[in-house]
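We number each residue from 1, following the sequence as shown.
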Amino acid sequence: MSLPGIIPLAQGRGLKIQVYEALRELIGRMDIYTSKDPIRLDERALGEQLGVSRTPVREAISRLEQEGIVENIARRGAFVVRKSKNEILDIVDVWAALESMAARLATSRASDAEIAQLRTNFSTYGGDDARAHIDEYSDTNIEFHQTIIRLGHSELITQMADQLFFHMRAIRASTIKDRDRVAQSVMDHSRIIEAIEERDAYHAEQLVRDHALELAKHIERYVDYLD
C-alpha cells in the first residue's frame with residue numbers, strides 16, 4: 001500500500017517518534033468514514049516509503065493500536081479503526097464538554113495577543129469563500145477547534161482532547177460539505193471569536209458546546225455511512 005504525501009524520514013535520534021508521528025498524521029488525513037473499504041497498513045510498504053526498517057513501523061503501529069487508532073486482526077494485519085455511529089456520537093459529546101470548558105478558560109487565561117491571533121488566523125473566510133475553497137476551509141475548521149483547546153491553557157484538557165482528536169478530525173472532514181454546513185460553521189466561528197474577545201466566559205462556553213452538539217445532531221439525522 002502506498003500512502004500519498006509520505007516522504008522518507010531523516011535518520012537520527014528520535015526516529016521511532018518520527019515514524020509514529022508521521023503515521024498518525026497520515027492516518028488522520030485519510031477519508032476513513034466515507035470509504036467503505038477497510039484501510040490496511042502494510043508494514044513493509046510503509047517502511048520502504050519512510051526509508052526505515054519494519055521495526056519502528058511495527059512499534060508505531062503498536063502504539064497507535066493502544067490509542068485505539070489501529071486494530072491488529074489475526075492473520076489479516078493492521079487496519080485503521082472505523083468507529084460506529086454510536087461511538088462517534090459519544091466522542092462528539094465528550095469533545096463538546098472539553099472544548100466548551102477550554103473556551104471558558106480561554107476567556108480568562110488566553111493573552112490579548114493570543115486572542116488577537118485567533119481572529120487573524122480564522123477570520124479570512126466568508127461563507128462564499130469557504131464554499132469555493134472547501135478543502136482548505138476543512139483544514140482551517142479543524143485547526144480552529146484545536147486552537148480553542150490550546151487557548152484554555154489546561155494540560156489535562158489538551159491531553160484528553162488529543163485522545164479524541166483523531167476521530168473528531170475525520171468526522172468533521174467528512175461532514176463539512178454536507179447540507180451547506182460550511183456557511184453555518186463560518187458564522188459559528190465568528191461568534192465564538194467575538195465571545196472570547198469580550199472575555200464572556202458563559203457565552204463562549206455555550207457557543208462552543210452548541211456548535212459541537214449541532215455536529216452530533218447532523219450525524220444522528222443524516223450520516224448513514226457510519227451504520
Side-chain angles (χ1 to χ4, degrees), residues 3 6 14 16-35 38-41 46 56-73 78-106 109-110 114 118 138-176 185 189 192 204-205 207-220 223 225-226:
L3 294 179
I6 194 168
K16 292 180 182 180
I17 295 175
Q18 288 187 68
V19 172
Y20 160 76
E21 291 178 346
L23 291 186
R24 197 176 196 275
E25 177 67 18
L26 284 164
I27 294 170
R29 293 188 176 278
M30 291 178 177
D31 188 3
I32 64 175
Y33 285 113
T34 55
S35 171
I39 301 174
R40 183 175 180 274
L41 302 177
L46 287 169
V57 174
R58 186 178 300 116
E59 291 174 349
I61 288 175
S62 177
R63 183 173 172 182
L64 291 168
E65 184 178 18
Q66 293 172 13
E67 296 177 4
I69 295 173
V70 171
E71 178 184 15
N72 263 305
I73 301 176
F79 293 82
V80 176
V81 168
R82 178 185 165 101
K83 296 289 188 181
S84 69
K85 187 170 185 173
N86 284 337
E87 288 172 328
I88 287 293
L89 289 171
D90 281 344
I91 287 172
V92 175
D93 285 345
V94 175
W95 180 275
L98 292 173
E99 190 184 0
S100 62
M101 179 52 68
R104 168 177 278 275
L105 293 174
R109 296 184 179 182
E114 287 175 321
L118 179 69
S138 179
D139 289 340
T140 300
N141 175 46
I142 291 164
E143 176 62 23
F144 176 82
H145 294 287
Q146 284 183 290
T147 301
I148 297 298
I149 292 290
R150 289 197 297 269
L151 290 184
H153 291 288
S154 168
E155 184 176 348
L156 182 57
I157 288 178
T158 300
Q159 290 173 351
M160 295 172 69
D162 187 60
Q163 296 176 19
L164 306 176
F165 177 67
F166 171 81
H167 293 286
M168 283 298 299
R169 181 181 192 173
I171 199 62
R172 282 192 188 280
S174 66
T175 59
I176 193 63
S185 175
H189 288 189
I192 290 166
E205 180 179 21
L207 287 171
V208 170
R209 181 177 61 249
D210 290 350
H211 180 66
L213 294 180
E214 280 300 317
L215 172 61
K217 290 179 184 177
H218 175 83
I219 294 168
E220 181 70 45
V223 177
Y225 49 79
L226 291 175

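- When the salt bridge (charged side-chain N to carboxylate O under 4.0 Å, His left out) test is applied to E87, no partner is found at least two apart in sequence or on another chain.
- Take E65 and apply the side chain to side chain donor-acceptor pair (under 3.5 Å) test, not counting sequence neighbours, and it matches N72.
- Put simply, the side chain of E214 does not reach to within 4.5 Å of the side chain of H218, judged on heavy atoms.
- With sequence neighbours left out, the salt bridge (charged side-chain N to carboxylate O under 4.0 Å, His left out) criterion links E59 to K16.
- Taking the side chain to side chain donor-acceptor pair (under 3.5 Å) definition, one finds that R209 meets it with nothing, sequence neighbours left out.
- Residues satisfying the salt bridge (charged side-chain N to carboxylate O under 4.0 Å, His left out) criterion with E220, sequence neighbours excluded, are absent altogether.
- Here R150 pairs with E143, T147 under the side chain to side chain donor-acceptor pair (under 3.5 Å) rule; sequence neighbours left out.
- The minimum heavy-atom distance linking V81 with V70 is given by the pair CG2-C, 3.6 Å.
- Nearest heavy atom pair, residue R29 against residue D139, reads NH1-OD1, 3.6 Å.
- The shortest heavy-atom contact between A173 and I142 is CB-CD1, 4.3 Å.
- Closest approach of L151 and A110 over heavy atoms only: O-CB, 3.9 Å.
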Quiz: residues 91-101 side-chain donor-acceptor pairs under 3.5 angstrom, not counting sequence neighbours:
from: W95; atom 1: NE1; to: E99; atom 2: OE1; distance (Å): 2.6
from: E99; atom 1: OE1; to: H145; atom 2: ND1; distance (Å): 3.3
from: E99; atom 1: OE2; to: H145; atom 2: ND1; distance (Å): 2.7
from: S100; atom 1: OG; to: A96; atom 2: O; distance (Å): 2.7
from: S100; atom 1: OG; to: A97; atom 2: O; distance (Å): 3.1

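- For R169, the side chain to side chain donor-acceptor pair (under 3.5 Å) partners are E25, not counting sequence neighbours.
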For residues 159-168, dump all side-chain donor-acceptor pairs below 3.5 Å to protein atoms at least two apart in sequence or in another chain.
from: Q159; atom 1: NE2; to: E155; atom 2: OE2; distance (Å): 3.2
from: H167; atom 1: ND1; to: Y33; atom 2: OH; distance (Å): 2.7

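- Take A103 and apply the side chain to side chain contact (heavy atoms under 4.5 Å, CB included) test, not counting sequence neighbours, and it matches I148, A204, V208.
- By the side chain to side chain contact (heavy atoms under 4.5 Å, CB included) test, D210 is found to be paired with Q206, residues two or more places apart in sequence or in another chain being considered.
- Applying the ring-ring contact (aromatic ring centres under 6.0 Å, His included) test to F144 and every residue at least two apart in sequence or in another chain returns F122, H189.
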Practice problem: Please assess L23 against L41 for the test side-chain contact (heavy atoms from CB on, under 4.5 Å), listing each intermediate value before the final yes or no. | Solution: CA-CA 10 Å; L23 291 186; L41 302 177; 5.8 Å; no
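- At least one side-chain heavy atom of S154 sits under 4.5 Å from a side-chain heavy atom of R109.
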